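Bear in mind that the values here come from a model prediction, so they are computed numbers and not experimental data.
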Amino acid sequence: MAAAQRIVIENCSIATVDADDTEYAAGHVVVAGNRIEAVGAGKAPEGLENVVRRIDATGHLATPGLINTHHHFYQWITRGLATDHNLFDWLVALYPTWARIDEPMVYAAAQGSLAMMARGGVTTAMDHHYVYPQGSGDLSGAVIRAARETGVRFTLARGSMDRGDKDGGLPPDFAVETLDGALAATEATVKEHHDASFDAMTQVAVAPCSPFSVSTELLRQGAELARRLGVRLHTHGSETVEEERFCHELFGMGPTDYFESTGWLGEDVWMAHCVHMNDSDIAAFGRTRTGVAHCPSSNARLAAGIARVPDMLKAGVPVGLGVDGTASNESGELHTELRNALLINRLGAHKEAALNARQALRLGTYGGAQVLGRAAETGSLEPGKLADLVLWKLDTLAHASIADPVAALVLGAAAPVTASFVNGRQIVEDGRLLTVDEDAIARSTRAEAQRLAQIAAKG
């Protein structure tokens with residue numbers, strides 16, 4: 001790092017989220033190139049070479065960038081619909097519209113989803129895209145292009161569905177793929193876009209959608225494909241009581257046992273929601289180190305229930321946070337999930353002992369890195385890790401009277417992002433994106449949402 005250009009950040013509170021939860025009331029972070037070079041108390045070391053910028057971060061809290069572990073970007077253009085439905089009825093209501101998306105719609109929706117997250121402190125995002133209508137264009141490429149332009153680190157969970165309406169599934173038949181077609185397209189996406197390097201900006205996971213819309217063979221062969229290619233696996237699991245009933249009726253076992261029978265438990269797997277899990281299910285996830293993307297706002301919006309996050313953490317299950325699709329979490333912001341994860345879990349059996357502010361921050365940072373398989377590279381502020389970090393402004397009316405900066409961030413109003421860095425590059429300044437035009441994205445997402453609504457109305 002001797003020849004790398006350096007950015008020195010000083011005079012801020014720091015929550016490193018390292019293994020010891022090290023914090024500094026007033027400290028420094030030194031970025032060299034795309035890596036964190038130093039983190040510590042007080043001023044930065046004297047005599048640093050190639051310092052191109054010094055930031056006086058008085059009144060700020062520095063944290064690792066937030067990491068989103070579950071999302072459906074395309075839903076940005078179907079927000080505010082079916083607002084009083086449970087999950088099953090919501091899916092029935094919206095699939096006929098979703099089945100008519102095309103490449104320009106998906107690109108605009110991805111831009112909107114990414115922009116909203118990035119301006120709110122997300123530095124690593126993921127998208128579980130599983131709707132590939134026939135003749136709709138290069139949807140995976142559109143999502144990846146939007147992520148590259150926004151400047152966030154990104155995982156595309158290349159989804160798939162092969163159980164359409166005629167086979168007892170929820171999606172229309174013209175919106176699903178064949179078994180062979182889905183596997184071939186997924187493999188092609190991995191080979192074209194997945195980067196396995198330490199500082200990769202784009203990675204790909206294999207991600208059949210859910211038991212409701214995927215055949216057993218697609219799950220089984222999808223797991224085999226992922227492990228042959230050396231990439232991670234993602235799907236929805238144990239989201240509702242209806243899914244539990246569906247799996248027992250169709251397969252003679254609950255979702256966790258079904259997933260295990262198809263090769264879908266393991267440290268290379270993470271599942272979204274995992275709301276309805278019994279002690280045995282949680283123990284299986286802990287034993288196999290299968291990860292969970294906890295989506296508290298979406299779970300509440302769709303009345304799915306309260307996931308047993310404290311019990312998962314006690315069992316050793318890696319847990320991160322997810323926005324989920326913005327048709328079930330219209331805000332589209334991950335930093336609100338820090339607060340909602342804490343509050344909603346305190347409504348469960350553990351009450352005030354469920355989660356504290358630092359555990360919530362860990363879910364949104366290091367926990368997310370674990371779930372995405374990138375804990376060695378990001379998720380905490382430590383020398384040698386990638387320079388993905390956020391400066392939160394906590395000296396305004398909204399937060400200034402809260403002495404504990406982590407409590408201010410998690411429990412207070414949404415904190416302004418003064419600066420967000422990804423791979424050592426600043427992408428947000430004073431709450432505005434530096435990489436893309438937010439106003440232009442707002443116009444394009446509105447236009448594409450209207451176009452989709454018109455197409456869907458025609459049937």
- Task: Please say whether the positively charged group of R158, taken as NZ for Lys or CZ for Arg, lies over the ring of Y130, i.e. under 6.0 angstrom from the six-membered ring centre and within 45 degrees of the axis.
- Result: no
- Message: Does atom CZ (R446) have a neighbourhood of more than 12 heavy atoms from anything else shown, all under 6.0 Å?
- Response: no
- Considering all heavy atoms of both residues, which atom of A226 and which atom of R232 are nearest to each other, and what is their separation? CB-O, 4.1 Å
- Can any side-chain N or O of S113 pair as donor or acceptor with the backbone N or O of F73 at less than 3.5 Å? yes
- Carefully, step by step, assess S210 and S213 under the rule side-chain hydrogen bond (donor to acceptor under 3.5 Å, both in side chains). CA-CA 6 Å; S210 71; S213 55; 3.3 Å; yes
- Heavy-atom distance under 4.5 Å between the side chains of V371 and V319, does that happen here? no
- Message: Between K191 and E187, does any side-chain N to carboxylate O distance fall below 4.0 Å?
- Response: yes
- Find out whether the Lys NZ or Arg CZ of R145 is both under 6.0 angstrom from the six-membered ring centre of Y107 and within 45° of the ring's axis. yes
- For the rings on W90 and W98, is their centre-to-centre separation under 6.0 Å? yes
- Task: Mind checking the OG1-CD spacing from T262 to Q221? Nearest 0.5 Å is all I need.
- Result: 12.0 Å
- Is it the case that Q426 and R53 place a side-chain donor and acceptor less than 3.5 Å from each other? yes
- Item | Heavy-atom closest pair, residues D138 and E103 | N-OE1, 2.9 Å
- Using modelled atom types only, decide if a donor and an acceptor are shared between the side chain of E429 and the backbone of A419 within a distance under 3.5 Å. no
- Distance only, no hydrogens: is a donor on one side chain within 3.5 Å (strictly under) of an acceptor on the other, for S197 and D195? yes
- Message: Which heavy atom of L372 sits nearest to which heavy atom of I67, and what is that distance?
- Response: CD1-CG2, 3.7 Å
- Can you measure from CG (L156) to OG1 (T202) and round to the nearest 0.5 angstrom? 9.0 Å
- Could you tell me whether the side chain of D162 and the main chain of S215 form a donor-acceptor pair under 3.5 Å? yes
- Please determine, by modelled atom types, if N329 and D324 share a side-chain donor-acceptor pair under 3.5 angstrom. no
- Item | Verdict with reasoning, E224 to R228, per salt bridge (Lys or Arg N to Asp or Glu O under 4.0 Å) | CA-CA 6 Å; E224 293 169 355; R228 174 166 61 81; over 6 Å; no
- Message: With heavy-atom distances below 4.5 Å as the criterion, would you say the side chains of F285 and L265 are in contact?
- Response: yes
- Taking every heavy atom of W392 against every heavy atom of G120, the minimum-distance pair comes out as CH2-O, 3.4 Å
- Message: Is there a side-chain contact between V152 and I427 in this structure, where contact means two heavy atoms from C-beta onward sitting under 4.5 Å apart?
- Response: yes
- Query: When rounded to the nearest 0.5 angstrom, what is the spacing between CG in L81 and CD in Q75?
  - Reply: 10.0 Å
- Item | Audit row: S261, M253, side-chain contact (heavy atoms from CB on, under 4.5 Å) steps and yes/no | CA-CA 10 Å; S261 74; M253 63 188 89; 4.2 Å; yes
- Task: May I ask you to check whether H60 and T418 show a side-chain donor-acceptor distance below 3.5 Å?
- Result: yes
- Item | F88, CZ atom: more than 12 neighbouring heavy atoms under 6.0 Å | no
- Would you say E267 and T290 make side-chain contact, with heavy atoms under 4.5 Å? no
- Would you find a donor on one side and an acceptor on the other, under 3.5 Å apart, between the side chain of E333 and the backbone of M116? no
- Message: So, taking the atom named OH in Y366 and the one named CZ in R374, what distance separates them when rounded to the nearest 0.5 Å?
- Response: 13.5 Å
- Check for a donor-acceptor pair, side chain of T16 on one end and backbone N or O of D18 on the other, with a separation under 3.5 Å. yes
- Item | Atom pair CZ/CD1 of R346 and I306 - distance to nearest 0.5 Å | 13.5 Å
- Determine, step by step, whether F154 and Q203 satisfy the side-chain contact (heavy atoms from CB on, under 4.5 Å) criterion, reporting the C-alpha distance in whole Å, the side-chain angles of both residues, the deciding distance to 0.1 Å, and the verdict. CA-CA 6 Å; F154 181 60; Q203 296 196 332; over 6 Å; no
- Message: For a 4.5 angstrom cut-off between non-hydrogen side-chain atoms, does L338 reach L411?
- Response: no
- Item | Step-by-step side-chain contact (heavy atoms from CB on, under 4.5 Å) determination, L389 to V31 | CA-CA 10 Å; L389 66 150; V31 172; 4.1 Å; yes
- Between L61 and C12, is a side-chain contact (heavy atoms from CB on, under 4.5 Å) present by the stated rule, with each step listed? CA-CA 6 Å; L61 171 66; C12 53; over 6 Å; no
- Under 3.5 Å side-chain donor-acceptor pair for S297 and E337: yes
- Would you call the rings of H236 and H273 parallel, tilted or perpendicular, where under 30° means parallel and over 60° means perpendicular? parallel
- Looking only at atom types and distance, does a side-chain atom of T69 sit under 3.5 Å from a main-chain N or O of L321, one as donor and one as acceptor? yes
- Say whether H294 and H70, considering side chains only, have a donor N or O and an acceptor N or O under 3.5 Å apart. no
- Check the pair E260 / R287 against salt bridge (Lys or Arg N to Asp or Glu O under 4.0 Å), numbers first and verdict last. CA-CA 12 Å; E260 186 161 32; R287 169 175 48 81; 3.5 Å; yes
- Query: Hey, are D439 and R432 close enough for a salt bridge, meaning a charged N less than 4.0 Å from a carboxylate O?
  - Reply: yes
- Please say whether more than 12 non-hydrogen atoms of neighbouring residues, nucleotides or ligands are located less than 6.0 Å from CD in Q450. yes
- Message: If we ignore hydrogens and angles and just use 3.5 Å, is the side chain of S298 paired with the main-chain N or O of C295 as donor and acceptor?
- Response: no
- Query: Given E377 and K385, is the salt bridge (Lys or Arg N to Asp or Glu O under 4.0 Å) satisfied, shown in steps?
  - Reply: CA-CA 5 Å; E377 301 110 87; K385 284 200 166 185; over 6 Å; no
- Are any of the side-chain heavy atoms of V143 and D127 separated by less than 4.5 Å? yes
- Item | Short N-O contact, R451 and E448, less than 4.0 angstrom | yes
- Message: As a quick check of understanding, evaluate salt bridge (Lys or Arg N to Asp or Glu O under 4.0 Å) for R220 and E217, giving each step before the final call.
- Response: CA-CA 5 Å; R220 183 176 291 112; E217 202 55 34; 3.2 Å; yes
- Does the side chain of P208 reach to within under 4.5 Å of the side chain of M161, using non-hydrogen atoms? no
- Once the angle between the rings of F259 and W264 is folded into 0 to 90°, is it parallel (under 30°), tilted (30 to 60°) or perpendicular (over 60°)? tilted
- For I77 against A109, the heavy-atom pair lying closest together: CG2-CB, 4.1 Å
- Interatomic distance, OG1@T124 vs CG@N423, rounded to 0.5 Å, equals 9.5 Å
- Please check if the side chain of N68 supplies one atom and the backbone of V323 the other of a donor-acceptor pair under 3.5 Å. yes
- Message: For H128, is there any backbone N or O sitting under 3.5 Å from a side-chain donor or acceptor partner on H72?
- Response: yes
- Checking R339 side chain against H335 main chain: does a donor-acceptor pair fall under 3.5 Å? no
- Quick one: closest heavy-atom pair of A315 and I282, and the distance? CB-CG2, 3.7 Å
- Heavy-atom check, side chain of V204 versus side chain of T155, under 4.5 Å: no
